[in-house]
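First the structure, in the form of structure tokens, and then the observations on it.
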Amino acid sequence: MLSTIFYRAVARNVGDKTLSSKHQPYHTPQVDRKAQTQSPARRGSMDATNGNVKPNEGTMARVHHPNIESWDPDVYEKELLRRTWSDDFDFLYELGAAIYCYIFDHNPNCKKLFPFISTYNGDEWKHSKEFRSQALKFVQTLAQTVKNVYHMDRVEIFLYTIGQKHVKFAERGFKAEYWNIFQDAMEYSLSSHMNNLKDFDEAQKKDAVRVWRTLALYVTTHMSHGFFDGMRGVNKFAESP
């Protein structure tokens, strides 16, 4: 099992925004759950036992950024990303499961991309080893992005390459619009996580939600670029002969 990583709050000032030691110690939600009963708000957003995502009323407006392709978060934003992430196994699995359940709830056709689902009765696939593996694969992409947040040039290539690999799913019915539902799923699931952080004040929670939603857009933008180029047989990062 992966061990929990606690990101130490670093005293940094960017404008009037500060991440300071007064917020120590930092607790990720999954660690708090080991010490006390999960809050009703958390249970309302995701049932960790069966992986069901229960969307709130209404749909979150999709975030936009004028120059998302070259987005480079500032120091405050980078520390928010690192401080609100965890490599704890339970956290990773629950987040990945929440993302996929959101996707399947809002676009059931996406289930066709994963043939293993049809081999199970009803919702039994939610407890399968195949689903656990797939859920973890998705969040590993986010984990690598956070790990390299101070090297965004590497992140762009990494995400573009993943998008290229998704070309093979086109024959299973992968459609261009699926990138939007993947973005929505990340935004919803990550926003739910940010809003339940216990040692963040409301301003910091709002900032964290904004930064993570922007990161979700950044991720899907570069993955989709790789996908569309791959469909045309193009790889802009391929070395010239």
* To do: On the 0 to 90° scale, with breaks at 30° and 60°, tag the Phe174-Phe169 ring pair as parallel, tilted or perpendicular.
  =>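 Answer is tilted, since the angle falls between 30° and 60°.
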* Using the six-membered ring wherever Trp is involved, compare the ring planes of Trp125 and Phe104 and label them parallel, tilted or perpendicular (cut-offs 30° and 60°). =>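 Because their plane-to-plane angle is over 60°, the rings of Trp125 and Phe104 count as perpendicular.
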* Would you find more than 12 non-hydrogen atoms of other residues, nucleotides or ligands less than 6.0 Å from Glu177 atom CD? ->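 Buried by this count: over 12 neighbours within 6.0 Å.
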* Is the number of heavy atoms from other residues, nucleotides or ligands within 6.0 Å of NZ (Lys168) greater than 12? ->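 Count not over threshold, so no.
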* Asked: Do the charged groups of Glu77 and Arg82 touch, with an N to O distance under 4.0 Å?
  ->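 Salt bridge: no.
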* Asked: Does the pair Lys205/Asp199 count as a salt bridge with the N-to-O cut at 4.0 Å?
  ->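 Not counted as a salt bridge, because no side-chain N and carboxylate O are separated by less than 4.0 Å.
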* Under a 4.5 Å side-chain heavy-atom rule over Ile, Leu, Val, Met, Phe, Trp and Tyr, are Val234 and Phe227 clustered together? ->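 No: no chain of side-chain contacts under 4.5 Å links Val234 to Phe227.
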* To do: Determine, using the 4.5 Å side-chain heavy-atom cutoff (strictly less than), whether Leu80 and Tyr150 are members of one ILVMFWY cluster.
  =>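 Yes, it is one cluster - the side chains of Leu80 and Tyr150 are joined through contacts under 4.5 Å.
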Considering only heavy atoms from C-beta outward, does the side chain of [X] approach that of [Y] to under 4.5 Å?
X: Val155; Y: Tyr218; answer: yes
X: Tyr160; Y: Met223; answer: no
X: Met186; Y: Leu217; answer: no

Would you mind writing out the side-chain donor-acceptor pairs for residues 133-146 within the sub-3.5 Å range, not counting sequence neighbours?
{"from": "Gln134", "atom 1": "NE2", "to": "Tyr100", "atom 2": "OH", "distance (Å)": "2.8"}
{"from": "Thr145", "atom 1": "OG1", "to": "Thr141", "atom 2": "O", "distance (Å)": "2.9"}

* Passing option when His193 is tested against Phe91, Trp212, Trp85 for ring pair (Phe, Tyr, Trp, His ring centres under 6.0 Å) ->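 Exactly one option meets the ring pair (Phe, Tyr, Trp, His ring centres under 6.0 Å) with His193, and it is Phe91.
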* To do: Please say which of Phe228, Phe182, Trp179 ends up in a ring pair (Phe, Tyr, Trp, His ring centres under 6.0 Å) with His166.
  =>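 Per the ring pair (Phe, Tyr, Trp, His ring centres under 6.0 Å) rule, the option paired with His166 is Trp179, out of Phe228, Phe182, Trp179.
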Interatomic distance, [X] atom [atom1] to [Y] atom [atom2] [nearest 0.5 angstrom]:
X: Cys110; Y: Ile117; atom1: SG; atom2: CD1; value: 9.5 Å
X: Tyr188; Y: Ile99; atom1: OH; atom2: CD1; value: 12.5 Å
X: Asn148; Y: Leu159; atom1: CG; atom2: CG; value: 10.0 Å
X: Tyr93; Y: Asp88; atom1: OH; atom2: CG; value: 14.0 Å
X: Gln164; Y: Asn235; atom1: CD; atom2: CG; value: 4.0 Å
X: Ser118; Y: Lys112; atom1: OG; atom2: NZ; value: 11.5 Å

Non-hydrogen atoms of [X] and [Y] that approach each other most closely:
X: Glu156; Y: Phe237; result: OE2-CZ, 3.7 Å
X: Ala216; Y: Glu187; result: CB-CG, 3.9 Å
X: Gln204; Y: Tyr76; result: CG-OH, 4.2 Å
X: His222; Y: Ile68; result: NE2-O, 4.3 Å
X: Pro73; Y: Val149; result: CG-CG2, 4.0 Å
X: Ile181; Y: His106; result: CD1-CB, 3.6 Å

* Derivation of the side-chain hydrogen bond (donor to acceptor under 3.5 Å, both in side chains) call for Tyr178 and Asn109 -> CA-CA 10 Å; Tyr178 287 179; Asn109 288 329; 4.9 Å; no
* **With Asp72 via side-chain contact (heavy atoms from CB on, under 4.5 Å) - residues at least two apart** =>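 For Asp72 the side-chain contact (heavy atoms from CB on, under 4.5 Å) partners, ignoring immediate neighbours, are Lys78, Met152.
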* Who are the ring pair (Phe, Tyr, Trp, His ring centres under 6.0 Å) partners of Phe158, not counting sequence neighbours? ->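 In terms of ring pair (Phe, Tyr, Trp, His ring centres under 6.0 Å), with neighbours along the sequence ignored, Phe158 is linked to no residue.
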* Asked: Would you say the side-chain atoms of Asn107 pair up with the backbone N or O of Ile103, donor to acceptor, closer than 3.5 Å?
  ->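 No, the answer is negative, given that no donor and acceptor are paired below the 3.5 Å cut-off.
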* Do Thr119 side-chain atoms and Phe116 backbone N/O form a donor-acceptor pair below 3.5 Å? ->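 A pair under 3.5 Å: yes.
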* To do: Could you give me the CA-CA distance, side-chain angles and deciding distance for Asp184 and Arg213, then say whether salt bridge (Lys or Arg N to Asp or Glu O under 4.0 Å) is met?
  => CA-CA 9 Å; Asp184 292 343; Arg213 294 185 69 200; over 6 Å; no
* Hey, would you say the Phe131 and His127 ring centroids sit under 6.0 Å apart? ->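 Aromatic pair excluded; centres sit 6.0 Å or further apart.
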